[in-house]
Participant: 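Take a look at this one; I'll ask things after.
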Amino acid sequence: MNSTPSFSTGATAPTPAQLSEYLKVANTAALAAGSVLQACWGKLESIVEKGRPGDLVTEADRQAEVVILEIIRQNFPEHSILAEESGQYGNLDAEYLWAIDPLDGTTNYAHQYPFSAASIGLLINGKPMVGAIFDPFHRELFSGAAGLGATCNDKPISVSNVDKLAQSLLVTGFAYDRRETKDNNYQEFCYLTHITQGVRRAGAASIDLAYVACGRLDGYWERGLSPWDLAAGVAIVEAAGGIVTAYDRTPFDIRSGRILATNSRLHDELSQELLHVAQIEPWSWM
Ligand code: IPD
Ligand code: CA
Ligand code: CA
């Protein structure tokens with residue numbers, strides 16, 4: 001999917017009961033996809049590059065997506081869907097748009113590095129409001145919806161209290177276009193590694209966001225992402241008390257592919273440092 005989708009800006013607000021129904025279905029679909037990911041683990045027959053070097057797809061991605069699509073369509077046949085492997089179903093401007101990443105962390109999965117998840121988010125009027133992320137390797141289901149709070153395996157979760165970057169543990173990632181652009185996040189990664197307690201690069205954007213939501217990590221930034229990487233995690237971080245914006249703290253736009261998500265207390269400081277590093281000479285801070 002290379003086209004830039006445009007999203008609805010309609011105004012009908014869902015009720016808590018509706019949100020909870022969407023969340024239930026998202027959870028069911030994420031768990032079902034997780035079973036597929038477990039079944040295919042270590043038995044892959046096909047691992048191919050989709051386009052850019054390193055951007056892999058396997059039969060596990062495809063099979064998990066089929067299972068998710070079936071469950072979403074059965075329950076909400078009138079909703080639109082944007083799914084990483086098979087594309088777009090219905091209008092992307094629709095009031096209800098599911099954004100589906102059947103296997104987030106495919107590179108990890110293909111190398112049998114057990115850190116991947118199925119990620120299912122629902123955009124309502126263009127805003128991520130419901131999310132379910134299931135990591136089958138740690139058997140953790142992260143789940144949340146606007147106004148309903150967030151959970152991990154049904155237990156409430158919330159963001160951390162860390163309020164200084166110098167005491168924080170962050171996470172980021174590098175997009176598949178990193179060899180083609182100077183905007184590759186390398187300098188941001190090094191600079192923030194220098195001024196924090198550490199920056200992880202775990203390889204699954206959805207789990208990065210889930211870990212911010214449950215306080216294992218204090219903040220996350222990345223560029224070059226797609227709506228299916230972000231929708232579920234954004235809904236869960238916000239439901240857990242975090243903040244999600246663009247790097248410069250302007251409103252988050254899922255089409256931009258750029259995200260800053262934190263526990264809220266670190267938000268201003270991390271934003272300032274990201275803007276600062278973009279303006280300085282490479283490595284001048286060392
Ligand atoms: C990737 C992962 C990774 C991020 C990449 C994504 P995929 O998704 O979320 O952490 O850095 O930009 O594309 O390809 O494994 O579904
Ligand atoms: Ca992904
Ligand atoms: Ca994927």
Side-chain angles (χ1 to χ4, degrees), residues 1-2 5 29-30 33-34 36-37 40-41 44 46-69 81-88 98-121 128 131-137 142 170-181 183-186 188-189 192 199-213 216-217 219-237 254-261:
M1 289 292 302
N2 292 323
V36 174
L37 301 184
C40 296
W41 179 248
L44 292 178
S46 140
I47 304 173
V48 292
E49 282 182 339
K50 282 196 273 192
R52 291 199 163 95
D55 190 0
L56 307 177
V57 62
T58 73
E59 66 263 33
D61 300 69
R62 295 206 175 95
Q63 287 175 23
E65 185 161 302
V66 168
V67 167
I68 297 167
L69 289 176
I81 297 177
L82 178 64
E84 179 174 11
E85 306 308 338
S86 58
Q88 175 185 339
W98 292 86
I100 295 168
D101 191 338
L103 170 47
D104 184 41
T106 299
T107 307
N108 288 342
Y109 189 90
H111 289 265
Q112 293 188 52
Y113 181 85
F115 200 81
S116 315
S119 177
I120 298 166
I133 296 168
F134 182 53
D135 166 0
F137 305 104
F142 296 91
L170 306 180
V171 66
T172 190
F174 305 98
Y176 296 115
D177 66 357
R178 59 186 177 266
R179 298 176 184 88
E180 299 150 30
T181 173
D183 184 17
N184 52 23
N185 199 28
Y186 294 166
E188 287 86 343
F189 176 72
L192 282 153
V199 180
R200 299 290 174 257
R201 195 290 198 226
S206 60
I207 307 182
D208 296 340
L209 282 161
Y211 280 16
V212 171
R216 291 176 190 161
L217 295 166
Y220 165 66
W221 83 94
E222 192 167 342
R223 58 157 293 281
L225 294 158
S226 298
W228 50 77
D229 297 310
L230 295 171
V234 167
I236 297 171
V237 167
I254 203 162
R255 295 163 298 184
S256 72
R258 207 174 272 265
I259 181 169
L260 171 60

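Both ligands and their constituent atoms are indexed starting at 1 by order of listing. Nothing here was measured: the structure is a model prediction, and the numbers come from that model.
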Participant: Could you tell me, atom by atom, which parts of ligand 1 come under 4.0 Å of a heavy atom of Asp101?
Facilitator: 16 (O)
Participant: Give the contacting part of Arg223 toward ligand 1: side chain, backbone, both or neither, where contact means a heavy-atom distance below 4.0 Å.
Facilitator: neither
Participant: For the backbone of Thr106 and the side chain of Ser116, can you confirm whether one donor and one acceptor N or O come within less than 3.5 Å of each other?
Facilitator: no
Participant: Any atoms of ligand 1 less than 4.0 Å from a non-hydrogen atom of Gly203? List them with their elements.
Facilitator: 2 (C), 3 (C), 10 (O)
Participant: Between Asp229 and ligand 1, find which residue part has any heavy-atom pair under 4.0 Å and reply side chain, backbone, both or neither.
Facilitator: side chain
Participant: Give yes if a backbone or side-chain nitrogen or oxygen of Leu225 is under 3.5 Å from a nitrogen or oxygen of ligand 1, and no if not.
Facilitator: no
Participant: Within a reach of under 6.0 Å around OH of Tyr113, are more than 12 heavy atoms found that belong to other residues, nucleotides or ligands?
Facilitator: no
Participant: So does Ser206 get a backbone contact from the side chain of Asp104, meaning a donor-acceptor N/O pair under 3.5 Å?
Facilitator: yes
Participant: Got an N/O contact under 3.5 Å between Gly105 and ligand 1?
Facilitator: yes
Participant: If the contact criterion is a heavy-atom separation under 4.0 Å, does Asn108 count as touching ligand 1?
Facilitator: no
Participant: Please state whether the rings of Phe137 and Tyr109 are parallel, tilted or perpendicular, taking 30° and 60° as the class boundaries.
Facilitator: tilted
Participant: Pull out every atom of ligand 1 sitting under 4.0 Å from any heavy atom of Phe174, numbered as shown with elements.
Facilitator: 11 (O)
Participant: May I ask you to decide if Trp228's main-chain N or O and Ser226's side chain share a donor-acceptor pair within less than 3.5 Å?
Facilitator: no
Participant: Which atoms of ligand 1 are found less than 4.0 Å from any heavy atom of Arg201?
Facilitator: 10 (O), 11 (O)
Participant: Counting both backbone and side chain atoms, is some N or O of Asp208 under 3.5 Å from an N or O of ligand 1?
Facilitator: no
Participant: Is any side-chain N of the basic residue among Asp61 and Lys50 closer than 4.0 Å to the acidic one's carboxylate O?
Facilitator: no
Participant: Hey, which of Asn184, Asp183, Asn185 is the one that makes side chain to side chain donor-acceptor pair (under 3.5 Å) with Arg223?
Facilitator: Asp183
Participant: For a side chain to side chain contact (heavy atoms under 4.5 Å, CB included) check, start with the C-alpha distance between Val234 and Ile259, then their side-chain angles and the critical distance, and finish with the verdict.
Facilitator: CA-CA 9 Å; Val234 167; Ile259 181 169; 3.6 Å; yes
Participant: How far is atom 14 (O) of ligand 1 from the closest protein heavy atom, and which atom is that?
Facilitator: Tyr176 OH, 2.7 Å
Participant: In a check of side chain to side chain contact (heavy atoms under 4.5 Å, CB included) between Ser119 and each of Leu230, Ile68, Ile133, which one passes?
Facilitator: Ile133
Participant: Identify, by atom number and element, the atoms of ligand 1 in contact range of Ala205, meaning under 4.0 Å from any of its heavy atoms.
Facilitator: 2 (C), 9 (O), 10 (O)
Participant: Would you check the N or O atoms of Thr107, main chain and side chain alike, for any that come under 3.5 Å of an N or O of ligand 1?
Facilitator: no
Participant: Return the residue, atom name and 0.1 Å-rounded distance of the protein heavy atom closest to atom 12 (O) of ligand 1.
Facilitator: Glu222 OE2, 3.2 Å
Participant: Give the atom numbers and elements of ligand 1 that come within less than 4.0 Å of a heavy atom of Glu84.
Facilitator: 16 (O)
Participant: Ring-plane angle category for Phe189 and Phe174, please: parallel below 30°, perpendicular beyond 60°, tilted otherwise.
Facilitator: perpendicular
Participant: Quick check: Ala204 and ligand 1, any N/O pair under 3.5 Å apart?
Facilitator: yes
Participant: What protein heavy atom sits nearest atom 8 (O) of ligand 1, and how far off is it?
Facilitator: Asp104 OD1, 3.0 Å
Participant: So, the side chain of Asp208 versus the backbone of Gly233: is there a donor-acceptor pair under 3.5 Å, distance only?
Facilitator: no
Participant: Considering both backbone and side-chain atoms of Thr106, is one of its nitrogen or oxygen atoms within less than 3.5 Å of a nitrogen or oxygen in ligand 1?
Facilitator: yes
Participant: Short N/O distance, under 3.5 Å, between Gly224 and ligand 1?
Facilitator: no
Participant: Please report the closest heavy-atom contact between Ile120 and Ala30, naming both atoms and the distance.
Facilitator: CD1-N, 3.4 Å
Participant: Check whether the side chains of Glu65 and Ser86 place a donor and an acceptor atom closer than 3.5 Å, and report yes or no.
Facilitator: yes
Participant: Give the atom numbers and elements of ligand 1 that come within less than 4.0 Å of a heavy atom of Leu103.
Facilitator: 16 (O)
Participant: I need the protein N, O or S atoms closer than 3.0 Å to the Ca ion (ligand 3), given as residue plus atom name.
Facilitator: Glu84 OE1, Asp101 OD1, Leu103 O
